[in-house]
There are 2 protein chains.
Amino acid sequence: MGSPYHQFCPVAKAMELLDERWTLLVIRELLAGSRHFNDLRRGLPRMSPTLLSKRLNQLVASGVVERRRDGREVVYSPTRSGEELRPAIELLGAWGMRWTGVLGDVDLDPKLLMWDLHRNVDRALVPSGTTVVQFDVTDVAARQGQWWIVLTPEEVDVCDADPGHEVSATVTGSLRSLVEIWRGDRTWIDALRAESVTITGPERIRRLIPAWFRPGNFAAVPRPDPDLVA
Amino acid sequence: MGSPYHQFCPVAKAMELLDERWTLLVIRELLAGSRHFNDLRRGLPRMSPTLLSKRLNQLVASGVVERRRDGREVVYSPTRSGEELRPAIELLGAWGMRWTGVLGDVDLDPKLLMWDLHRNVDRALVPSGTTVVQFDVTDVAARQGQWWIVLTPEEVDVCDADPGHEVSATVTGSLRSLVEIWRGDRTWIDALRAESVTITGPERIRRLIPAWFRPGNFAAVPRPDPDLVA
DNA sequence: CAGTATCCCTTATGATACTG
DNA sequence: CAGTATCATAAGGGATACTG
């Protein structure tokens with residue numbers, strides 16, 4: 001649906017469908033499990049809803065995404081074709097991890113961090129009842145500096161306003177430190193030891209937090225020899 | 001070098017560098033072996049030289065491509081980082097082969113076909129001396145309908161004007177038939193048998209042509225179950 | 001060979017507000 | 001929840017001609 005390249009090369013034909021701005025990130029979100037318009041928006045905060053809508057329509061038209069109504073809801077999901085993009089997107093992400101250098105401050109978005117942290121929680125490790133973990137991001141304007149993740153074995157939610165429940169533990173750190181953990185640049189253990197991130201709360205919970213809030217899927221990508229990057 | 005996504009996700013960081021129009025195709029050309037500006041242009045015929053120049057500069061700036069002067073020549077080559085995109089581009093091409101459907105007539109470009117055929121020739125199979133194979137593309141305006149590929153064990157060239165040497169054999173067929181062979185949709189053998197493509201010339205040469213002009217690199221990609229595509 | 005120089009113009013996209 | 005509506009701006013990019 002992008003402009004045509006007038007090439008029969010399959011790479012060109014693939015890129016006609018995929019290389020417009022945001023397109024592959026929309027697919028990434030779908031492959032990560034988002035199914036509703038507003039969930040997708042949360043994973044793509046800087047994308048205007050108009051554009052998201054347009055991209056979704058394009059992807060449906062090109063057979064990469066399926067749109068279904070489920071009662072009053074609309075459900076987007078990757079088709080077989082979309083699902084087959086997963087390995088390519090994983091390679092691109094691994095490449096990005098290895099070769100795109102140091103993140104700029106503008107890349108550090110607390111909304112996205114919280115959204116991804118909550119999405120990766122291993123619910124099997126969450127005790128029954130409700131547990132609330134507060135995140136204090138120290139170097140971010142108030143409105144984006146406090147978050148609560150509400151965990152139950154059935155469900156994990158993010159809130160940007162105090163959910164009311166008692167807070168079981170609080171994680172405090174700079175946005176960059178938290179993102180570094182997500183990226184696998186350093187482990188929870190290292191960050192806690194260096195006190196770039198701290199956790200307050202009962203030891204039982206403190207110990208579980210690194211297990212709940214696992215690093216992102218690319219954290220394990222081996223980094224290139226530093227000589228090559230410089 | 002594209003506009004930033006303001007995301008720390010490595011897929012987003014990769015796409016900032018790669019998802020602008022033409023970028024990945026430039027890299028594809030470099031990975032296919034093109035090293036000079038005008039070679040790249042031949043593999044990217046609809047790209048304006050201004051834009052190619054811009055993209056090359058961007059890729060150099062982002063460390064994906066190296067630019068070197070060699071005497072009066074300028075040589076572009078993939079860096080380690082660029083080389084590491086090969087698997088991703090191969091997956092995208094394989095995906096394109098499986099999921100982008102039937103080619104439109106506008107995608108069938110004889111220049112590109114000849115350029116790719118010549119580039120894939122296995123020179124080890126070319127006899128010493130000079131062999132000229134003429135291609136008559138039956139359904140294309142005269143100016144783009146006749147081509148000559150000049151083969152020696154050292155070098156293979158494409159000409160769009162009669163190179164003067166004696167022609168050893170002539171391949172005749174529609175553009176689509178020839179592209180179908182390139183894509184692996186059908187084999188030389190099948191196309192010859194069905195007479196959608198014909199070769200005239202001494203049997204010795206006729207037999208070698210399918211070996212010289214091998215299908216493209218994606219020809220072997222398994223196609224999806226037809227039910228799924230429809 | 002390896003690019004620049006122009007020129008025009010569409011289109012993409014960001015931002016925001018609003019609706020069924 | 002799931003989008004549309006609107007608007008203004010900036011880019012992006014196509015075509016062509018030209019240069020060291």
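Note that these values count all heavy atoms, side chains included, but never hydrogens, waters or copies made by symmetry. Throughout, a chain's letter reflects where its sequence line sits, starting with A, and its residues are numbered from 1.
Among the protein residues, R55(A) comes within range of the sugar-phosphate backbone only, with heavy atoms under 4.0 Å from sugar or phosphate atoms but none that close to a base. When heavy atoms are screened at a 4.0 angstrom cut-off, R21(B) is found touching the sugar-phosphate backbone but no base atom.
Atom NE2 in H6(A) sits about 11 Å away from atom C1' in dG14(D), given to the nearest Å. If you take CZ of R72(A) and C1' of dC1(D), they are 7 Å apart, rounded to a whole angstrom. The distance from atom CG of L59(B) to atom C1' of dG3(C) is 16 Å, rounded to the nearest whole Å. Rounded to an integer number of Å, the gap from CE of M47(B) to P of dT16(D) is 17 Å. If you measure from atom CG of L40(B) to atom P of dA2(C), you get 9 Å, rounded to the nearest angstrom. The distance between atom CG of N57(B) and atom C1' of dT4(C), rounded to the nearest whole Å, is 12 Å. In this structure, L56(B) atom CG and dT4(C) atom C1' are separated by 14 Å, rounded to whole Å. Put simply, CG on L51(B) is 19 Å from P on dT10(C), counting in whole angstrom units.
Taking only side-chain nitrogens and oxygens, R46(A) never comes nearer than 4.0 Å to OP1 or OP2 of dT13(C). For the pair K54(A) and dA12(C), the criterion of a side-chain N or O lying under 4.0 Å from OP1 or OP2 is met. Here Y76(B) reaches the OP1 or OP2 of dG3(C): one of its side-chain N or O atoms lies under 4.0 Å away. Of the side-chain N and O atoms in R67(A), one or more sit less than 4.0 angstrom from OP1 or OP2 of dG3(D). At least one side-chain nitrogen or oxygen of W22(B) sits closer than 4.0 Å to the OP1 or OP2 atom of dG14(D).
Side-chain contact annotation: D109(A) with Y5(B), donor-acceptor N/O pair under 3.5 Å absent.
For the pairing with E29(A), the side chain to side chain donor-acceptor pair (under 3.5 Å) check across R41(A), R119(A), R42(A) returns one residue only, R119(A).
In this structure, the nucleotide among dA12(C), dC1(C), dT6(C) sitting nearest to the side chain of E20(A) is dA12(C). Closest to the S53(B) side chain, of the nucleotides dG3(D), dG3(C), dT13(C), is dG3(C).
Under 4.0 Å is where a charged nitrogen must lie from a carboxylate oxygen, and between D107(B) and K13(A) at least one such pair does. Under 4.0 Å is where a charged nitrogen must lie from a carboxylate oxygen, and between R176(B) and D105(B) at least one such pair does.
Residues W115(A) and H118(A) approach most closely at O-ND1, 2.6 Å, considering heavy atoms.
Residue whose closest nucleotide on DNA chain D sits further toward the 5' end, between N38(A) and P4(A): N38(A). Each of V74(A) and S48(A) was assigned the nucleotide of DNA chain D with the nearest heavy atom; the assignment lying further toward the 5' end belongs to V74(A).
For a distance-only test at 3.5 Å, the side chain of S3(B) fails to qualify as a donor-acceptor partner of the base of dA11(D).
Two rings, from F8(A) and F218(B), have their centers 6.0 Å or more apart.
Nucleotide dG20(D) is matched to dC1(C) when pairs are restricted to Watson-Crick or G-U wobble geometry with both distances under 3.5 angstrom.
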